[in-house]
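Below is one structure; the comments refer to it alone.
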Amino acid sequence: LMKYVDDPEVQDRFLAVKQERKNILTKYIKDTTGIEVDPNSIFDTQAKRLHAYKRQLLNILQVIYRYQRMKSDPDYRMVPHTYLFAAKAAGSYVFAKKVIKLINCVAKVVNNDPDVKGMIKVVFLPNYNVSMAETLVPGTDVSEQISTAGKEASGTGNMKFMMNGAITLGTLDGANVEIDDLVGRDNDVIFGHTVEELNDLKYHYSWRDCYDSDSRLRDALQSLSTGVWNGNPDEFRLILNEITTKNDEFFVLADFAAYVEAQEKIEKLYEDRRNWAKMCLVNIAQSGYFSSDRTIEEYAEDIWKIEPLKF
């Protein structure tokens, strides 16, 4: 496939298939949630277990910032963007459930505000499971893999998105490191502090410094205690307390500015349809590295010390 990534005919055929899958996903979203989304917008998906280190909070804070910018600047425009969340939280994990509620509350406000002019839609897809993934993953343009560097083991969700022609937007964490090595920095969008940088930063880090130095972040966080999202100013105090009392344990605030910049870069890349198609095709081609055959063979030889069968 790498021989054909620059072929306009192959690019057009890929884009046509991707659009077909996005149309199918659009119908699924409507049937499941009642929300109508633009199938020509960027489908930006974070689908994984809801956990503080996976930083769904970082994602929704960026959405809040974009929304607030639209409200304050009527001339602000962005490439139409559909932010898709799919996750489950452990039964007793109260913080995670609060983040799910925040995403849903933000969605309700943003999706029904005429000032947004169709530039943002937010969707939380309930009951994430394999059957849903079979529709969600092929219809996705951007794969959100934004865990705090050094915290992700090596899930396979990013590989599945890659194989289906989604561009990885992520930190250098888990299998993102291998994806980045395989496709090159021209074919993904990597942002945020590295493991080494965070190991140095944690000894003198202060969430307050980030909060005080970035008005975008400050306004987004303050909105969690104003009641703007559901009428109750105390509803999301637990989320704010998690950041302040634990000194932003997972460096959400530390990576916020870089994440906003990465999102803006994604939009510029998406507008160049030829190059975007090439990037997607490179990702699909290089995803073969994650074959279970190759993985099991390496385990057999390097870890289990099993001699290969001779035929």
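Any value given below was found using the heavy atoms of this structure, including those in side chains, with hydrogens, waters and symmetry copies removed.
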For the salt bridge (Lys or Arg N to Asp or Glu O under 4.0 Å) test, which of R55, K54, R49 pairs with E152? K54
Check for me whether R273 meets the cation-pi criterion with Y270, that is, NZ or CZ under 6.0 Å from the six-membered ring centre and within 45 degrees of the ring axis. yes
Decide, yes or no, whether a salt bridge links D173 with K151 under the criterion of side-chain N to carboxylate O below 4.0 Å. no
Test: R216 cationic atom under 6.0 Å from F256 six-membered ring centre, within 45° of axis: no
Is there side-chain contact between R69 and M78, with heavy atoms separated by less than 4.5 Å? no
Are the side chains of L281 and V10 in contact, using a 4.5 Å heavy-atom criterion? yes
Residues K278 and D186 bridged, charged N to O under 4.0 Å: no
Looking at K22 and D141, is any side-chain nitrogen of the basic one under 4.0 Å from a carboxylate oxygen of the acidic one? yes
Do NZ/NE/NH1/NH2 and the carboxylate oxygens of K305 and E298 come within less than 4.0 Å? no
Is the shortest heavy-atom distance from the side chain of V137 to the side chain of M163 under 4.5 Å? no
Can we call the ring centroids of Y259 and F191 under 6.0 Å apart? yes
How about H51 and F95: are their ring centres within less than 6.0 Å of each other? no
Cation-pi geometry met for K88 and Y128 (6.0 Å, 45°): no
Heavy-atom side-chain contact between R237 and S225 under 4.5 Å: yes
